[in-house]
Amino acid sequence: NAGVTQTPKFQVLKTGQSMTLQCAQDMNHNSMYWYRQDPGMGLRLIYYSASEGTTDKGEVPNGYNVSRLNKREFSLRLESAAPSQTSVYFCASSASGGANEQFFGPGTRLTVL
Amino acid sequence: KNQVEQSPQSLIILEGKNCTLQCNYTVSPFSNLRWYKQDTGRGPVSLTIMTFSENTKSNGRYTATLDADTKQSSLHITASQLSDSASYICVVSAFFGNNRLAFGKGNQVVVIP
């Protein structure tokens, strides 16, 4: 099992460009999450999907959109990238929400110039 | 105000020595507390989970304690190894949390030979 995979690993964008971060899990988990991690800030929830067909905003959703394509895949889209979105992005999944262990992907390091 | 506070922010220890990391939380009602280890450039990986009724949990050289009355947890690393160099993140889950977890900012541990 690969667990949680993310593509790409690194990306550099110019201000105003758009891109989609891809995430897939092979653990048959119901819930999936997108986080960003900034120095000195800890992990912050952007969006989550409690189950296939549902998505909800997290703590810092502005400037992002998500799509739960199917049970395995959950993508994060930046429509018009801004320097403030320079960060490391982690996708995670869990069997169900709440107290269950979340399994994290390796992260995508994004720089917006 | 952050619901999970960790200390010290960073520390350097000699290989073979022990260290203890602290986590104080205000999350309520409490469901469980996890310690995650995050190696540089990787996603976090769960080390231990503790529920309200547990006050000690071990995973190899890692021992976590929980005092639910004072809302404090600690992670003790015994006989540190170079591979213990990482960030250790305290994560607290609340009942009725709607998939939201409260993340600490992490304790950065550097083990030197």
Side-chain angles (χ1 to χ4, degrees), chain A residues 2-7 9-10 21 23-25 27 29-51 54-61 66 68 74 87-109, chain B residues 1-10 21 23-25 27-54 57 59 64 66 68 86-108:
Chain A
V4 179
T5 57
Q6 293 181 235
T7 56
K9 290 191 187 309
F10 301 94
L21 281 65
C23 173
Q25 52 90 10
M27 295 174 281
H29 285 168
N30 289 315
S31 301
M32 298 186 73
Y33 313 82
W34 276 105
Y35 293 92
R36 60 178 289 172
Q37 186 175 42
D38 302 293
M41 295 292 292
L43 284 153
R44 292 183 292 170
L45 182 65
I46 304 172
Y47 270 95
Y48 66 96
S49 171
S51 61
T54 69
T55 60
D56 284 287
K57 294 179 180 179
E59 183 184 353
V60 288
V66 291
R68 184 74 182 265
F74 188 38
S87 187
V88 181
Y89 291 85
F90 288 99
C91 177
S93 71
S94 66
S96 59
N100 285 279
E101 179 180 358
Q102 293 189 14
F103 294 81
F104 288 82
T108 294
R109 186 174 294 273
Chain B
K1 189 180 188 313
N2 200 9
Q3 292 183 292
V4 179
E5 299 284 351
Q6 294 186 241
S7 63
Q9 185 175 358
S10 63
L21 313 175
C23 172
N24 296 338
Y25 63 91
V27 174
S28 182
F30 173 82
S31 174
N32 65 53
L33 183 149
R34 291 183 187 274
W35 283 93
Y36 280 83
K37 180 187 180 191
Q38 184 176 20
D39 293 317
T40 300
R42 304 202 142 190
V45 175
S46 180
L47 287 175
T48 64
I49 176 174
M50 303 184 71
T51 59
F52 185 87
S53 59
E54 299 173 299
K57 183 74 69 76
N59 178 359
L66 174 66
S87 178
Y88 293 85
I89 303 172
C90 178
V91 184
V92 184
S93 173
F95 276 114
F96 317 120
N98 294 326
N99 297 286
R100 304 281 185 103
L101 302 177
F103 289 84
K105 295 180 181 179
N107 305 100
Q108 186 67 47

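Worth saying up front: this structure is predicted, and the values here are computed from it rather than measured. Just so we're on the same page: letters track the sequence lines, and every chain starts at 1. The figures here come from the full heavy-atom set of this structure, side chains too, leaving out hydrogens, waters and symmetry mates.
By the 6.0 Å contact criterion, CZ on Arg109(A) is open, its count of non-hydrogen atoms from other residues, nucleotides or ligands being 12 or less.
Residues satisfying the side chain to side chain contact (heavy atoms under 4.5 Å, CB included) test with Arg42(B), not counting sequence neighbours, are Asp39(B).
Minimum heavy-atom separation, Ser46(B) to Glu101(A): CB-OE2, 3.0 Å. Nearest approach of Phe90(A) to Gly43(B), heavy atoms of both residues: CE2-CA, 3.4 Å. Among all heavy-atom pairs drawn from Arg34(B) and Asn100(A), the shortest one is NH2-C, 3.6 Å.
Looking at Gln38(B), only its side chain comes within 4.5 Å of chain A, counting heavy atoms on both sides. Within the 4.5 angstrom heavy-atom criterion, no atom of Gln6(A) approaches chain B.
Residue Tyr35(A) holds its OH atom at 4.5 Å from CG of Leu101(B), rounded to the nearest 0.5 Å. Note that the CD atom of Gln37(A) and the CZ atom of Phe103(B) stand 9.5 Å from one another [nearest 0.5 Å].
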**Item:** Working for side chain to side chain contact (heavy atoms under 4.5 Å, CB included), residues Leu43(A) and Tyr36(B)
**Value:** CA-CA 12 Å; Leu43(A) 284 153; Tyr36(B) 280 83; over 6 Å; no
